[in-house]
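Input: a single structure, listed below in structure tokens.
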2 protein chains.
Amino acid sequence: MAIRSVSLDNNPCRSCDVRELAICAALNGHELDRLNAIVSVVQIAPQQTLFCEGEPAHSLFNVTRGTLRVSKMLVDGRRQITGFLGPGDFLGLAFNDTYAYTAEAVTATRLCRFPRTKLEALLEEFPALEKRLLGVASNELAAAQDQMLLLGRKSAAEKVASFLLLLADRAKRQGRPANSVELPMTRTDIADYLGLTMETVSRTFSRFETEGAIRSERAQVVIERPEALEDLAGR
Amino acid sequence: MAIRSVSLDNNPCRSCDVRELAICAALNGHELDRLNAIVSVVQIAPQQTLFCEGEPAHSLFNVTRGTLRVSKMLVDGRRQITGFLGPGDFLGLAFNDTYAYTAEAVTATRLCRFPRTKLEALLEEFPALEKRLLGVASNELAAAQDQMLLLGRKSAAEKVASFLLLLADRAKRQGRPANSVELPMTRTDIADYLGLTMETVSRTFSRFETEGAIRSERAQVVIERPEALEDLAGR
DNA sequence: CGGCCTGTTGATCTGTTTCAATTTGGGTGG
DNA sequence: CCACCCAAATTGAAACAGATCAACAGGCCG
């Protein structure tokens, strides 16, 4: 088993890097101790599965490090990636008894795991936490609607441009330079996120590069002319 | 102004048709009175707008009768319908200060309106209501992910088949025959929901009819061979 | 009765996919 | 440390699903 739990001796939540981004921001010091009491840290290696669509949803998670992909599949193997998650993102918000999607690591990933029943008990006690969760869900819903617009109505170039700008926004929100974005995922992952093929994604990157809109190096893209991408992305 | 409010004399919530479907199911009799105190009934005619994307989100709604469409647009007019809402569905769950989408009536529609600030105050008092809202959001999120899979990875025939089966499921959940579904929306609406053109939707309906999978009459479709659609829909 | 909006059907066109051949680059073992 | 290997990415050519353009039919309302 590649998933291993690490026990916590003190309360690392208090000094957590992503505390302000995560649901934990809803709690004060004492409450945070209570949360810490039910949490365990999980680490998974690239390409490994955190959980699968259809599995009983015993845990909820908070990403603290690395990148995950969340996806759904058709029986014949066609795949749709519904999101890439990074530090601060919450995961597992399917209040049925089974996960509605699969979650896999893109890079080495570290997460906080909350047993569902125990987290639900804490929700009763701390309404602020429940409110925060509702906020998270609302934001995800808004993002999902943007993605539907992208999948249903944008051209390949518009999709790729929107994707790059989304990553740039995230980088900025995490206090990193917004003109240089990391691309830890493969072209196939990007294609499955945008409803395209790998080849179309690759061609579009090449086109953007020859047009001077981006400069592509290894697992990183430098956005040279954001305005060119913004025109395409349609906003 | 086409939107008119109707004042309530007693507490019609108690005898509401959709009470068990809506968020109101989370409340008991006394609590329901409190909810009733902040609610107003709104009626809108076909094709009229309930609210627009970007407008300040002062109200939340619950549909009690009719069908709405919820959509987003690109600057050049391309449109993506992210959902059709019917009796019992909740609307306006964008906990930012502005609506993330436009809501318009497909048929004559009646809704309960909750002023946002007042509903939020009630949420503080009745945690069950907040829990219910989180459940609603989770369900919508799961539906949104299904729709992303459809938009990104399904063929035209698969999309139309999935759509018909979705409507059949809804009809069944509302206690109506599952083999005969109402289609109050236009072909263009369906196309904008499925990420297709009107023409492709029309051709696909025709094909299903010549194949004997459906029988199409006016604003209604009879599903003759659900298994044929299920094969296509991929589940 | 006539006009208009919605839907259907046909013909053609095009963006994206599919299939296929190279190229690149990072990791590994000799 | 270098050469090799394999997965990922790139690029080209051909095929195709769905879009676009266009003509026409039907139903509804004024």
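Protein chains get the first letters and strands the later ones, always in sequence-line order, with residue 1 at the start of each.
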Rounded distance [0.5 Å steps], CG in A:L91 versus OH in A:Y99
7.5 Å
Length of the line joining B:R207:CZ and D:dA17:P, which is rounded to integer Å
10 Å
Could you name each residue pair satisfying ring pair (Phe, Tyr, Trp, His ring centres under 6.0 Å) that touches residues 202-228 of chain A, not counting sequence neighbours?
none
What distance separates A:E53 CD from A:E55 CD, expressed to the nearest 0.5 Å?
10.5 Å
Could you tell me, to 10°, how much the axis swings from one end of the helix from C:dC1-D:dG30 to C:dG30-D:dC1 to the other, five pairs per end?
40°
Spacing between A:L183 atom CG and C:dG26 atom C1', to the nearest angstrom:
17 Å
In whole angstroms, how far is the C1' atom of D:dT20 from the CZ atom of A:R153?
13 Å
So side-chain hydrogen bond (donor to acceptor under 3.5 Å, both in side chains) across residues 65-74 of chain A, not counting sequence neighbours, yields A:Q47-A:R69, A:R69-A:E104, A:R69-A:D189, A:K72-B:D146
With B for base contact, S for sugar-phosphate-only contact and - for none (protein heavy atoms under 4.0 Å), nucleotides 4-10 of chain C reads ---SBBB
Student check: side-chain heavy atoms of B:L183 and B:M185 closer than 4.5 Å:
yes
A:E140 CD to B:L141 CG distance, which is reported to the nearest 0.5 Å:
5.0 Å
Are any protein N/O atoms closer than 3.5 Å to N/O atoms in nucleotides 21-25 of chain C? If there are, list each pair with its distance.
none

Check A:L21, A:I23, A:N139 against A:F90 for a side chain to side chain contact (heavy atoms under 4.5 Å, CB included) and give me the one that passes.
A:I23
Using 0.5 Å steps for rounding, measure from the CZ atom of A:R78 to the OG atom of B:S155.
6.5 Å
Could you tell me which residues satisfy salt bridge (Lys or Arg N to Asp or Glu O under 4.0 Å) with B:R173, sequence neighbours excluded, listed by chain and number?
none
Atom pair distance, as rounded to whole Å: NZ in A:K154 and P in C:dT16
14 Å
Please report the distance, rounded to the nearest Å, between CD in A:E158 and C1' in C:dG15.
12 Å
Starting from P on D:dG18, measure out to CG on B:L194 and report it in whole angstrom.
12 Å
How many angstroms lie between atom CZ of A:R113 and atom NE2 of A:H58, to the nearest 0.5 angstrom?
10.5 Å
Return the orientation label for the A:F84 and A:F163 ring planes: parallel under 30°, perpendicular over 60°, tilted otherwise.
tilted
Could you tell me the separation between the CG atom of B:L151 and the P atom of C:dT16, rounded to a whole number of Å?
16 Å
